[in-house]
Amino acid sequence: MTTKERNEYKAVLKRSGGVCEITGKQPISIHHIIYRSHGGITDRRNMIAVWTGMHIPVIHADEKYWVPVLLDMMRGIYGIIDRQDLKKKNKWTSVFTEEEL
């Protein structure tokens with residue numbers, strides 16, 4: 001992990017106050033809204049602190065629902081976010097098309 005990536009994780013933890021940004025519960029893990037496996041970058045606009053009890057069984061179980069919901073939450077904090085700005089440039093091919101998400 002690079003220093004820049006580490007700083008992005010720290011920024012998310014600071015923003016969340018150490019609790020899930022959806023439920024307010026602990027313990028938390030950091031979720032990439034646009035998955036890294038789909039080219040998502042490690043940027044605070046693409047990351048959210050979530051309760052570990054919902055990370056995999058809820059959020060990962062229904063990506064189609066959660067990606068737009070979580071991006072809207074981040075837009076409420078950071079303003080306009082273009083989904084393409086959260087993806088690696090010229091290195092990854094998205095597994096899903098925009099219509100599928």
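FYI, the numbering just counts along the sequence from 1.
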Can you confirm whether [X] sits close enough to [Y] that some side-chain heavy atom of one is under 4.5 Å from a side-chain heavy atom of the other?
X: Met54; Y: Lys25; value: no
X: Ile41; Y: Glu8; value: no
X: Asp85; Y: Arg83; value: no

Measuring from atom [atom1] of [X] to atom [atom2] of [Y], what distance do you get when rounded to the nearest 0.5 angstrom?
X: His32; Y: Asp43; atom1: NE2; atom2: CG; answer: 9.0 Å
X: Arg36; Y: His31; atom1: CZ; atom2: NE2; answer: 10.5 Å
X: His55; Y: Ile22; atom1: NE2; atom2: CD1; answer: 10.0 Å

>> If you compare all heavy atoms of Trp51 against all heavy atoms of Pro27, which two are closest, and at what distance to 0.1 Å?
In response: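 That would be CD1-O, 3.3 Å.
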> Which word best sums up how the rings of His60 and Tyr35 line up, parallel for under 30°, tilted for 30 to 60°, or perpendicular for over 60°?
Replying inline: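 Correct class here is parallel.
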> Would Trp66 and Val58 count as a side chain to side chain contact (heavy atoms under 4.5 Å, CB included) if you check the C-alpha gap in whole Å, the side-chain angles of each, and the deciding distance to 0.1 Å?
Replying inline: CA-CA 9 Å; Trp66 283 102; Val58 176; 3.7 Å; yes
> Between Asn46, Ile30, Ile48, Thr42, which is the residue that forms a side chain to side chain contact (heavy atoms under 4.5 Å, CB included) with Val12?
Replying inline: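 Going through Asn46, Ile30, Ile48, Thr42 one by one, the side chain to side chain contact (heavy atoms under 4.5 Å, CB included) with Val12 is satisfied by Ile30 alone.
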Please set out all donor-acceptor pairs under 3.5 angstrom arising from side-chain atoms of residues 68-78, sequence neighbours excluded.
residue	atom	partner	partner atom	Å
Asp72	OD1	Arg75	NH1	3.0
Arg75	NE	Ile81	O	3.2
Arg75	NH2	Ile81	O	3.1
Tyr78	OH	Arg15	NH1	2.8

>> Run Val50 and Ile59 through side chain to side chain contact (heavy atoms under 4.5 Å, CB included) and show every step you take.
In response: CA-CA 9 Å; Val50 295; Ile59 295 173; 3.6 Å; yes
> Does Glu21 reach the main-chain N or O of Ser16 with its side chain, forming a donor-acceptor pair under 3.5 Å?
Replying inline: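 Side chain of Glu21 to backbone of Ser16: no pair is present.
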